Amino acid sequence: HRDLHSFPTRRSSDLVKTSEDRQSMLVRIFNSADEPVSALLRPAFTVASAQLCTLEETPQSDLPPASDGSVLVPLGPAQIATVLLHPATR
């Protein structure tokens, strides 16, 4: 997906789609490693806020965007993380 860059590459799959409410971008990341890693999300748009959420898109906790707009997502071994990225309004 050209609107999002994520690192590191030690994850087996990503999903990027519009959220069910069509207001945010939903990103799912799977850490296939047997050790904790962090994924750095760098969307092409300005992120106002980001949240870890359930598979059903229910927010669980905030992930504060860095000053450069990236979002760091910690992932445990074999963990799936679902993240809602809320774009800034223009």
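Nothing here was measured: the structure is a model prediction, and the numbers come from that model. One is the number of the first residue; the rest follow in order along the sequence.
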Any heavy-atom pair between the side chains of Leu85 and Ser24 that's under 4.5 Å?
no
What pair of heavy atoms forms the shortest contact from Pro87 to Phe45, and how long is it?
CB-CD1, 3.7 Å
Sub-4.5 Å side-chain heavy-atom contact between Gln79 and Ile29
no
To the nearest 0.5 Å, tell me how far Ser38 OG sits from Asn31 CG.
9.0 Å
With Pro65 as partner, the option from Val71, Leu41, Thr46, Leu72 fulfilling side chain to side chain contact (heavy atoms under 4.5 Å, CB included) is Val71
Under 4.5 Å between any side-chain heavy atoms of Leu26 and Thr82, yes or no?
yes
Could you tell me whether the side chain of Gln51 reaches within less than 4.5 Å of the side chain of His86, counting heavy atoms only?
yes
Verify, without hydrogens or angle tests, whether Asp34 (side chain) and Pro77 (backbone) share a donor-acceptor contact under 3.5 angstrom.
no
Side chains of Thr58 and Cys53: does their closest heavy-atom pair fall under 4.5 Å?
no
Flag, side chain of Asp62 to backbone of Pro64, donor-acceptor distance under 3.5 Å:
no
Hey, does Thr54 have a side-chain heavy atom less than 4.5 Å from the side chain of Gln60?
yes
If I take atom CG from residue Leu75 and atom OG from residue Ser32, how far apart are they, to the nearest 0.5 angstrom?
10.0 Å
